[in-house]
There are 2 protein chains.
Amino acid sequence: MPGDPLNDVQHLHADAAQARPGGRTARVREAVIDATIAELGEVGYAALRIDAVAERAGVNKSTIYRRWGTKTGLVSTALIERRGDLVPPADTGSLRGDLIELLKEIRLGLHTPWIAALIRETGLRTPDNADLYELLDKFWPARFRTSGAIFVRAIERGELPAGSDPDFLLEMLSGPLYFHLLMLGRPLDDAFLEKTADFVLTAARARPPASQQSDSPASTED
Amino acid sequence: MPGDPLNDVQHLHADAAQARPGGRTARVREAVIDATIAELGEVGYAALRIDAVAERAGVNKSTIYRRWGTKTGLVSTALIERRGDLVPPADTGSLRGDLIELLKEIRLGLHTPWIAALIRETGLRTPDNADLYELLDKFWPARFRTSGAIFVRAIERGELPAGSDPDFLLEMLSGPLYFHLLMLGRPLDDAFLEKTADFVLTAARARPPASQQSDSPASTED
């Protein structure tokens, strides 16, 4: 199975080891994840009930509790698998190409109903969304680690200074898309994605001046 | 009154012309705006009812309808006045200083309960939030026009190339704050604000290469 995220997810979700492709365990697992995605799209995270997921999947709710423990565990599995976030981003051969592919993938996610439903429930941390942030605090580091491969490759190719900070660059890259679509309510056309990629690329290549000088002997030749 | 936003709001809200400071009209107006802000903080925009605002302000709801027309008109007045968005940003003398002041103001807004409540209701445009976007489609251009003064000044001082796009720069600047606080759930400390300002500054100074070459004869001296 090319790009099967299960290999990467196993260390986060021990239950994946029990999922034999084609077996009953695997079918139940797929049905439960499908049902979770469907429920998320309809009611969001806060209102999601394990009972409803179990009924939709045609399984006993004790099966869900036994395998995923909590609502957070279940949704976290669904999010990481179905969002494909542990699949390393395609290598287009250039940083610019990689950034545009990543931005297109983010755009796709922002328009996916169940992901949009999750996003709508984020916001300032409050006791009300502590449960959701328990999930996001697991999701984002995994997501950033995977997407960050783009910048690691770029540093290896000499396209970025050695001291670049992938996590910060990912925020500079993602933030404008969220803002443009969800705050301004404007469409994310290709031109906006390319403009954003070029902007981040310009700043990223120039930074960080301090470590660029100390880490890269080549810069002293200027 | 230094920094009185009323002067700037008048062209958007004809009723402001009737508000004589200290008069009954002004007192009613203040009470209604106060009540609107309080209701927004408690129930958000979608669930806000003119009845509830009227009751809280101690006025007849027909007074509200007569002066502000619709819920959108009322909330738009409250948002633009109380957020101070039509007050030009302070001139610190440098683009970097101006950007950091602007980011601090955005941070303050993101932590203000009634603004946070409005933000939580944004998202993909759907029939359900058409009403909110009617409001935001008025708010954002006014907000961008005012904040954009920072970049106009920077171009005049020669700190930015003449072809710079203030609206795009504002998105590059704001997006990461929204993402960092509301998606990652991480605090907006001064270090993050400064890092964001420096990043945007680096890219902004380098852009746009085409118009920089054609509009700025000085660049040929390098």
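As a basis for the values below, the full set of heavy atoms in this structure was taken, side chains included, without hydrogen atoms, waters or symmetry mates. In what follows, chains are A, B, ... by sequence order, proteins preceding strands, each numbered from 1.
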Just wondering, do B/Arg120 and A/Thr122 contact through their side chains at under 4.5 Å, heavy atoms? no
Specify the closest pair of heavy atoms between [X] and [Y], including all atoms of both residues, with the distance to one decimal.
X        : Y        : value
B/Leu169 : A/Phe199 : CD2-CE1, 3.5 Å
B/Leu182 : A/Leu124 : CD2-N, 3.6 Å
A/Ala206 : B/Thr202 : CB-CG2, 3.5 Å

Taken in chain and number order and not counting sequence neighbours, the residues that satisfy ring pair (Phe, Tyr, Trp, His ring centres under 6.0 Å) with B/Trp114 are none
If you check every heavy atom in residues 150-159 of chain A against those of chain B, which residues fall under 4.5 Å?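 Within residues 150-159 of chain A, no residue comes under 4.5 Å of chain B, counting heavy atoms only.
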Check the orientation of B/Phe144 and A/Phe179. Use parallel for under 30°, tilted for 30 to 60°, and perpendicular for over 60°. parallel
Are the side chain of B/Trp140 and the backbone N or O of A/Met183 linked by a donor-acceptor pair below 3.5 Å? yes
Which bit of [X] is near chain A, if near means a heavy-atom gap under 4.5 Å: side chain, backbone, both or neither?
X        : result
B/Leu181 : both
B/Leu118 : neither
B/Arg125 : side chain

Please collect all side chain to side chain donor-acceptor pair (under 3.5 Å) contacts where either partner lies in residues 184-193 of chain B, sequence neighbours excluded, each pair once. B/Arg107-B/Asp190
Listing request: all side chain to side chain donor-acceptor pair (under 3.5 Å) pairs with a residue in residues 173-184 of chain A, at least two apart in sequence or in separate chains. A/His180-B/Glu171
With a 4.5 angstrom heavy-atom cut-off, which part of A/Leu110 approaches chain B: side chain, backbone, both or neither?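 Interface part for A/Leu110: backbone (N, CA, C, O).
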Please rank B/Leu201, B/Leu136, B/Thr196, B/Ile119 by heavy-atom pairs under 4.5 Å with chain A and give me the top one. B/Thr196
Looking at B/Leu184, B/Val200, B/Asp137, which one has more heavy-atom pairs under 4.5 Å with chain A than the rest?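 When all of B/Leu184, B/Val200, B/Asp137 are compared, B/Leu184 has the most.
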Heavy-atom count check: over 12 atoms from other residues, nucleotides or ligands less than 6.0 Å from A/Glu55 CD?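 Count not over threshold, so no.
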What distance do B/Met172 atom CE and A/Met172 atom CE have between them, rounded to the nearest 0.5 Å? 10.5 Å
